[in-house]
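First comes the structure, then the notes that go with it.
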Amino acid sequence: MDLNVLVLPGDGIGPEVTREAVKVLQAVAVLAGHRLDTAEGLIGGAALAATGEPLPPETRARARTAGAVLLGAVGSPEFDSLPPDRRPERGLLDLRQAMGVYANLRPVRAWAPLAGTSPLKDAVVTGTDLLIVRELTGGLYYGRPRGLFGDGPAAEAVNTMQYSYGEVERVARIAFAGARRRRGRVTSVDKSNVLECSRLWRRVVEDVAADFPDIGLEHMLVDTCAMQLILNPGRFDVLLTENMFGDILSDEAAVLAGSIGLLASASLGAVGPGGGRAGLYEPVHGSAPDLAGRGAANPIGAIGSAAALLRFSFGLGREADAVERAIGAVIAAGVLTADLRPDRPAETTAVGDAVCAALRRAA
Ligand code: IPM
Ligand code: MN
């Protein structure tokens with residue numbers, strides 16, 4: 001099989017972690033007899049510096065034709081004072097929209113060998129295995145009108161939260177289908193005691209649930225959910241929520257895993273005419289400018305994202321399972337970067353090499 005992947009390293013630690021993920025994809029390709037064909041493109045601060053735009057037209061066009069897109073991270077303090085349209089983050093938001101990847105899947109699990117690395121008690125964290133399904137191309141991030149107007153005490157700003165029935169329905173279907181492959185429970189998170197968007201959200205989720213009678217559904221307010229996530233994370237299977245709530249809850253959930261550096265994500269769009277879905281894969285951690293260039297970044301989130309890429313964009317479930325097992329073996333062996341093992345940290349490249357070695361051993 002030809003694995004055609006556009007790699008967008010981006011900013012900060014993005015280039016270092018995507019390099020390890022590509023290394024792992026290459027190892028998989030060699031072991032399983034596929035041909036990996038990667039090309040690199042510009043996004044974020046790197047693209048702003050080179051072209052003046054956070055998402056150059058060339059990157060946008062290539063992302064739409066690539067089999068899958070693997071992204072590192074965007075964001076750089078050098079652009080902090082610029083308006084939203086000239087910031088690195090805009091490149092990622094525009095890319096998600098251009099690719100139409102409306103469902104962002106963020107699995108979070110507590111790895112047994114990492115017990116003790118979370119600041120939460122082991123008894124709370126043990127057994128955590130949840131999947132956040134975050135709506136990714138709507139809500140406050142994209143709603144119009146938006147803007148910051150005026151100066152001084154007369155200044156005003158506006159953002160708009162807006163959802164259509166269809167936008168909620170398609171992401172809800174992904175969550176229910178995901179629950180079917182897991183423990184069969186969906187928790188839909190909203191703020192329906194205050195927001196009309198959330199009242200619509202609840203109504204649509206109820207409608208979709210009618211098509212999935214085998215799946216259990218509960219609704220939870222987002223403030224309660226923020227508390228339940230650290231009180232009793234084991235109660236969650238699939239957590240379905242809108243864009244902004246999902247952004248916030250997924251960083252919170254990272255604490256359950258021990259480090260945000262471990263978290264992978266897959267962003268999926270509609271099934272195209274060729275039968276495939278658009279797919280954008282990125283670790284959940286950001287660009288971490290303070291860590292960049294020091295060989296200290298944890299590549300496991302990026303490598304896990306590469307596993308998701310194999311699974312969802314190329315239908316290579318067996319290969320994806322193998323990468324995930326190799327990640328587990330490396331974690332069990334204690335080959336970990338400083339975020340998880342400050343006493344004897346492994347370098348970024350050593351973790352990538354260890355995952356490749358574990359893959360070869362298992363083959
Ligand atoms: C994420 C990030 C992005 C988001 C930023 C970089 C725009 O925080 O993927 O969670 O808010 O979606
Ligand atoms: Mn975030």
Side-chain angles (χ1 to χ4, degrees), residues 8-15 17-18 21 42-48 53-55 59 63 69-80 82-108 130-143 146 159 161 163 167 171 189 222 225-226 229 239-257 259-269 278-292 297-298 301-302 304-305 308-309:
L8 304 176
D11 305 323
I13 60 174
V17 297
T18 46
L42 289 168
I43 195 168
L48 273 167
E53 291 184 68
L55 182 68
T59 303
V69 179
L70 179 68
L71 185 131
V74 296
S76 166
E78 149 195 7
F79 304 99
D80 268 355
L82 296 181
D85 277 358
R86 323 273 342 133
R87 288 178 60 103
E89 289 81 359
R90 186 79 245 162
L92 177 56
L93 299 177
D94 286 352
L95 179 67
R96 289 171 177 170
Q97 196 174 42
M99 292 181 70
V101 287
Y102 58 80
N104 179 221
L105 278 51
R106 298 183 162 183
V108 180
L130 58 92
L131 173 67
I132 298 177
V133 178
R134 169 190 176 194
E135 199 291 324
L136 201 63
T137 52
L140 272 177
Y141 276 59
Y142 295 94
R146 66 181 294 159
N159 289 97
M161 187 188 274
Y163 273 107
E167 283 177 308
V171 70
V189 178
V222 63
C225 180
L229 262 179
L239 214 151
L240 164 66
T241 193
E242 66 90 44
N243 201 347
M244 176 75 127
F245 298 162
D247 179 45
I248 297 167
L249 293 177
S250 59
D251 270 39
E252 185 189 0
V255 178
L256 304 165
S259 165
I260 196 166
L262 292 167
L263 264 53
S265 89
S267 304
L268 307 176
L280 168 64
Y281 303 87
E282 47 174 321
V284 174
H285 64 70
S287 57
D290 50 316
L291 282 186
N298 188 343
S305 303
L309 176 153

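Residue numbers start at 1 and run along the sequence shown. Indexing begins at 1, ligand by ligand and atom by atom, following the structure's order.
With hydrogens and angles left out, the side-chain atoms of Tyr142 and Asn243 include no donor and acceptor closer than 3.5 Å.
The protein non-hydrogen atom at the shortest distance from atom 2 (C) of ligand 1 is Asp247 OD1, 4.0 Å. Of the protein's heavy atoms, Glu89 CG, 3.9 Å lies nearest to atom 6 (C) of ligand 1.
Looking only at distances, a side-chain donor or acceptor of Asp11 sits under 3.5 Å from a matching main-chain atom of Ala46. Side chain of Glu135 to main chain of Thr137: a donor-acceptor pair is present (N/O by atom type, distance under 3.5 Å, no hydrogens or angles). For the pair Ser287 (side chain) and Ala73 (backbone), a donor-acceptor distance under 3.5 Å is absent. Although no hydrogens or angles enter the test, the distance criterion places no donor-acceptor pair under 3.5 Å between the side chain of Arg134 and the main chain of Ser267. Looking at Arg87, its side chain does come within 3.5 Å of a backbone N or O of Asp80 through a donor-acceptor pair.
The shortest distance between side-chain heavy atoms of Leu55 and Arg90 does not fall below 4.5 Å.
Contacts of Arg90 with ligand 1, taken as heavy-atom pairs under 4.0 Å, are absent altogether. Contacts between Arg106 and ligand 1 below 4.0 angstrom, taking non-hydrogen atoms only, involve the side chain exclusively.
Listed by atom number, the atoms of ligand 1 under 4.0 Å from Tyr141 heavy atoms are 4 (C), 11 (O), 12 (O).
Coordination check, Asp247 versus the Mn ion (ligand 2): passed, since an N/O/S atom of the residue sits under 2.8 Å.
Using 4.0 Å as the threshold, Met244 has no heavy atom nearer than that to any atom of ligand 1. The shortest heavy-atom distance from Arg134 to ligand 1 is under 4.0 Å.
By the 3.5 Å distance cut-off applied to N or O atoms, Glu282 is not counted among the residues near ligand 1.
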